[in-house]
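See structure below.
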Amino acid sequence: MSQDRKSLKPIEGANRALRRRLNLRGELALAIAPTAVVLAVLALVEALSQQRLLFASLASSAFLIYLDPQHGTNSVRTLLISQLMAAGLGFITYTMVGPGYLSGGLAMVITIVLMIVLDVVHPPAVATSLSFALRSGDQSNLLLFALAVGITATLVMLEKLSLWVLARHSS
């Protein structure tokens, strides 16, 4: 494992603390999985739903996972709990208060507080709570969103595997 880290170059500037930078080929290879996952989720949503914006925060999740798959913010546990909790809270506030800023504000504040209390902070989940609270129309899509989050969670394992393979082959 220590040899894996030695083969990676440090990131320049302020991002140095996040992770070590790969060469251009490695970075592009690492970006393939998140891109494919986001496109697959979009295709799934298009086939089954008309609420496309409900799933936009998953693209941010995928990019964060690409940026640093080892970070606690991007663990499977954190991703699943925070995104599903945020969707549920957004749905509940929409149902109880109706669409609008009050519903969105309540969902966002409760989501942020619970993410901190439960130690499952994943910033894109804030957008998820807003999307479900502010959505238009009657369509819920909670189950479809849960499936999409599960697909995105597999990305964590794919990215960790990709990092391992890239570190082994760059030596």
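Numbering starts at 1 and runs along the sequence shown. These numbers come from the heavy atoms of this one structure, side chains and all, not from hydrogens, waters or symmetry mates.
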When every non-hydrogen atom of A127 is compared with those of S57, the smallest separation belongs to CB-CB, 3.8 Å
Is S103 reaching over with its side chain to a backbone N or O of P99, donor-acceptor style, under 3.5 angstrom? no
Distance col, row F132:CZ vs T93:OG1, nearest 0.5 angstrom, shows 11.0 Å
Are V120 and I116 linked, directly or through other ILVMFWY residues, by side chains that come within less than 4.5 angstrom of each other? yes
Heavy atoms of G90 and A107 approach each other most closely as CA-CB, 3.8 Å
Correct closest heavy-atom pair for D119 and R77 would be O-NH1, 3.4 Å
The reported gap from CD1 in I92 to CG in L106 (rounded to nearest 0.5 angstrom) is 12.0 Å
Practice problem: Measure the shortest side-chain to side-chain distance between T111 and T128 over non-hydrogen atoms and say whether it is less than 4.5 angstrom. | Solution: no
Practice task
Measure the shortest side-chain to side-chain distance between N74 and L79 over non-hydrogen atoms and say whether it is less than 4.5 angstrom.
Solution key: no
| query | Linking I/L/V/M/F/W/Y whenever their side-chain heavy atoms sit closer than 4.5 Å, directly or via other members, would M96 and L102 fall into one cluster? | reply | yes
Taking every heavy atom of L64 against every heavy atom of H122, the minimum-distance pair comes out as CD1-CE1, 4.3 Å
Please answer: with hydrophobic residues joined when any side-chain heavy atoms are less than 4.5 Å apart, are V97 and Y101 in the same cluster?
no
Rounded to the nearest 0.5 Å, the CZ atom of F63 sits from the CG atom of L58 at a distance of 15.5 Å
Scanning both residues in full, the closest heavy-atom pair of T73 with P123 reads CG2-CD, 3.7 Å
One should read off an interatomic distance between S129 OG and I110 CD1, to the nearest 0.5 angstrom, of 9.5 Å
(request) Kindly state whether the ring of Y94 and the ring of F91 have centres lying under 6.0 angstrom apart. (result) no
Do M115 and V126 come within less than 4.5 Å of each other through their side chains, counting heavy atoms only? yes
